*Asks:* 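Here it is: the structure, laid out below.
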Amino acid sequence: MAEAADFQGTSASPARRWLRRTGALLAGAPLLAGLLQLPAATPADAAGQESPQIASSAGSVSVAVDSLSPSAPSEGDTVTVSGTVTNNGKQTVTGAHVDLQVGPPLETRSAIDTLAKKSDDLQGPSSEKVGGKYTEKFTALTPGVAEPFSISVPADKLDLGDDGVYQLAVALSGKTSAQPWEQVLGIQRTFLPWQPEETGTRTKTTFLWPLISSAHMAAETGSNEQQTPVFRDDELAEEIAPGGRLDQMVSLGKGLDVTWVVDPDLLASVDAMTGSYQVRSADGSTTPGKNQEVAKHWLAELQQAVTGEEVAALPFGDPDLASLAHNGTNVTGSLNHLKEAADAADETVDTILHVKPSTDFVWPVDGAVDPSIVKVATSAGADKVITRSDSLQDNLSYTPSAARPIGGGTTAVVADSRMSTAFQGDLTKASASTLAVQRFLAQSLTLGLQTGKQRSVVVAPQRMPSVSQAQAMAEALAALQGGNWTESQDLTAAAKAKPDPAANTKVPSASAYPSSLRKQELPRAAFEQIARTQSKLDKFKVILTRQSRVVTPFGRAMNREMSTSWRGRGVAAVGYRDGIESYLNGLIDGVKLIQKSETKLSGRSAMIPVTVQNNLVQGVEHLKLRLTSKNPTRLKIGGDSYEEQPVTVNGGHAQSVKFTTSANANGQAEVVAQLYTEDGQRYGAPVTFDVRVTEVTPTVMLVIGGGVLLLVLAGFRMYTQRKRAAAREAAEDDTAEADDETDGPQSQAEAQQNPETSGARLEQETEAGSRADGPEQPSDPAPDTAAESADPSGTGERVDR
């Protein structure tokens, strides 16, 4: 890591302190000689001769520096140090007093790190007490009770010399009943940057101000025309509400010279909240969202804050580049999702914030890179990678500028790791926040004093600072921008700055990537599930009449599935991916075939209907329904083993499609109905049903035809016979009448004269009449048969003839 070069020359102030210390030693020499002649004292007595001494119960009193104002004083300022002291021991401390101590300058950046690790160590580096009236006394410190203190001292009384970072310690001394001599019972060290006058070459500093959150929106939308969005929870409303994390980020960043680094997904989510939206509860139900005004206010404040400032837009959803590079590149379509996320960034930010963002930058997690991460980052179209100096390390005695050419037209923008990590951890306590602010300023000033050359430095803090971390960042940045050794610069300018020829430009190998970060990455299974969801979406969208209503929300949801915010939240990440895939499956199942029971075919040919149900709110098209016979020798469909017909169904409706069938033999035939897309891909589950064929063989048809023919012939014969009989009777009647008229009385006389002849004629007439009125004979034709019954021949579904 880069270290600060040693300062040149010796200041007057250290020289004066050296003379005072030498004089004190010379004046105390006779006393020391006298003491050496006395009998040996007990450790307690000996310790009591010196003031103050380090207590055997070191650290029994905690000292907290809650504020230091101003953070970077100049000549004429009054430095005020405030905080609390708490007796953590079991005995009351008497004669207690708080003093300020100033140590020698810290000449290197690593010295600052060392002191920060031992900030409350009684065995730490010594310092000189300011003394005089600049102290605060306590009669007694009761165990467990915190007592406040505040000491104000003019800067010129601190005896500061040359420009640099000085150790400032707040020490509490006192006595206890067990150790009745004055001793240091607690101490807290911090840093005091001293740059009273403007430097000739100011360090150009770029501070990234991140507006990033986790994924809150689901893929689900309402069925109305506006497609009401659905949120997985109401946490985003809490973040943008007054006092929330994102509200503080906007209000604190508004007055600072920063580069806003924005995840477009956050903007899109808040923008969706400005209208009607739904929030899913723990039980799966949804309730109307009520934070429209909060969302509108936050966006208005953000629009005002970014006016005139640089905005860098990350790819939509802030995808995890390292996870993608290490586990996703071999999964089909993963890089396409990254490209889509990058393409969506520009339009989203421009539409909502009304500013043209820079989309040339990508930001891997913690700025850690290796060749595969750089390759993936540039595949999305970005040519600038924000990394960190603990990843792309230098072996120099100073900190070089941030911009580094790393090959292929790609620039690595190397953020300073010490300054970037200064605000991590729990900063809810004022003492921790104050120490972080002073340490940040100390690192910045020491970096600027390393050389006489102007450099460009980038600070990339954690992605999602807490409220307390954001407040500490804002306090430090305000002090930095009000100081005398830096000037602000935006990210684009830092990336274009002239690179230091001595700086390292070699990207570290894959083996150098931190194992702690690898353990948090999205696994390969995550990208495989995303690919599976995309494949289902591709098949589904081709049948939709309004594809954008489905493609856009699911596309954005899959971008969120790749977000860096899932690191350390593996269970939640799996739940989010499962929820999206499950919802898509439900939509796909909304278009399906209705199940059919056994169908009876009681004829040689018939129409078989198959019903397609569309439960979606939009129509579907570009579908084909194929009906296939598993036994085409018995049952043919459309003259072959199968037939296809196009399908178009309006939203919320069902459509029946009829297929022509022809039967060749009695029995049962299995039939399969299956939907296909126009490109031949199966859609949905098939429906299988049986068709039972009856009374359709050629023999049966021949018997039926023969029976009909016999009936026709019998009827015709009966008709002709009756016609002939009627004609014969008519002829006989005519003959009888003629005889009567001709013969008259003569005939009767003849009858009387020839009784045999007349008797024979009478017998013939009587016989004929008897035949006409008598019972039917076996040779007569049979009567007409009844019509064929129309009742069902059995259970099952009949089809149209």
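Source: prediction; values computed, not measured. No hydrogens, no waters, no symmetry mates; every other heavy atom, side chains included, goes into these values.
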*Asks:* Looking at residues at least two apart in the chain, or sitting in another chain, which of them share a salt bridge (Lys or Arg N to Asp or Glu O under 4.0 Å) with Lys624?
*Replies:* Glu644
*Asks:* So which pairs with a foot in residues 523-545 pass salt bridge (charged side-chain N to carboxylate O under 4.0 Å, His left out), sequence neighbours left out?
*Replies:* Arg524-Glu528, Arg532-Glu581, Lys536-Glu581, Asp538-Lys541
*Asks:* May I have all residue pairs that pass salt bridge (charged side-chain N to carboxylate O under 4.0 Å, His left out) and include part of residues 219-231, sequence neighbours excluded?
*Replies:* Glu220-Arg280, Glu225-Arg546
*Asks:* Provide the closest heavy-atom pair for Met464 versus Ser214 in the form atom of the first, atom of the second, distance.
*Replies:* SD-N, 3.9 Å
*Asks:* With Trp298, which residues qualify under ring-ring contact (aromatic ring centres under 6.0 Å, His included), at least two apart?
*Replies:* none
*Asks:* Pairs in or reaching into residues 314-330: which pass salt bridge (charged side-chain N to carboxylate O under 4.0 Å, His left out), with residues at least two apart or in two chains?
*Replies:* Asp318-Arg463, Asp320-Arg567
*Asks:* Hey, what's the ring geometry for Tyr583 with Phe554, parallel, tilted or perpendicular (30° and 60° as the breaks)?
*Replies:* parallel
*Asks:* Going by atom types alone, do Gln471 and Ser433 pair a side-chain donor with an acceptor below 3.5 Å?
*Replies:* no
*Asks:* How close do Asn291 and Ala237 get, counting heavy atoms only, and between which atoms?
*Replies:* ND2-CB, 3.5 Å
*Asks:* With Lys496, which residues qualify under side-chain contact (heavy atoms from CB on, under 4.5 Å), at least two apart?
*Replies:* Thr492
*Asks:* Which residue pairs satisfy the salt bridge (charged side-chain N to carboxylate O under 4.0 Å, His left out) criterion with at least one member in residues 262-276, sequence neighbours excluded?
*Replies:* Asp265-Arg560
*Asks:* Taking only residues two or more places apart in sequence, or in another chain, which ones meet Phe361 in a ring-ring contact (aromatic ring centres under 6.0 Å, His included)?
*Replies:* none
*Asks:* Between the side chains of Glu310 and Thr259, is a donor N or O closer than 3.5 angstrom to an acceptor N or O?
*Replies:* yes
*Asks:* Taking all heavy atoms of Pro229 and all of Ser276, pick out the closest pair and write down the distance.
*Replies:* CD-O, 3.3 Å
*Asks:* Could you tell me which residues satisfy ring-ring contact (aromatic ring centres under 6.0 Å, His included) with Phe540, sequence neighbours excluded, listed by chain and number?
*Replies:* none
*Asks:* Tell me, please, which residues at least two apart from Asp346 pass salt bridge (Lys or Arg N to Asp or Glu O under 4.0 Å).
*Replies:* Lys356
*Asks:* Taking atom types as modelled, find out whether Asp247 and His297 have a side-chain donor-acceptor pair closer than 3.5 angstrom.
*Replies:* no
*Asks:* Looking at every non-hydrogen atom in both residues, tell me the closest pair between Trp209 and Val258 and how far apart they are.
*Replies:* CB-CG2, 3.7 Å
*Asks:* Which residues pass the salt bridge (Lys or Arg N to Asp or Glu O under 4.0 Å) test with Arg556, not counting sequence neighbours?
*Replies:* none
*Asks:* For Phe423, which residues count as a ring-ring contact (aromatic ring centres under 6.0 Å, His included) partner, sequence neighbours excluded?
*Replies:* Phe440
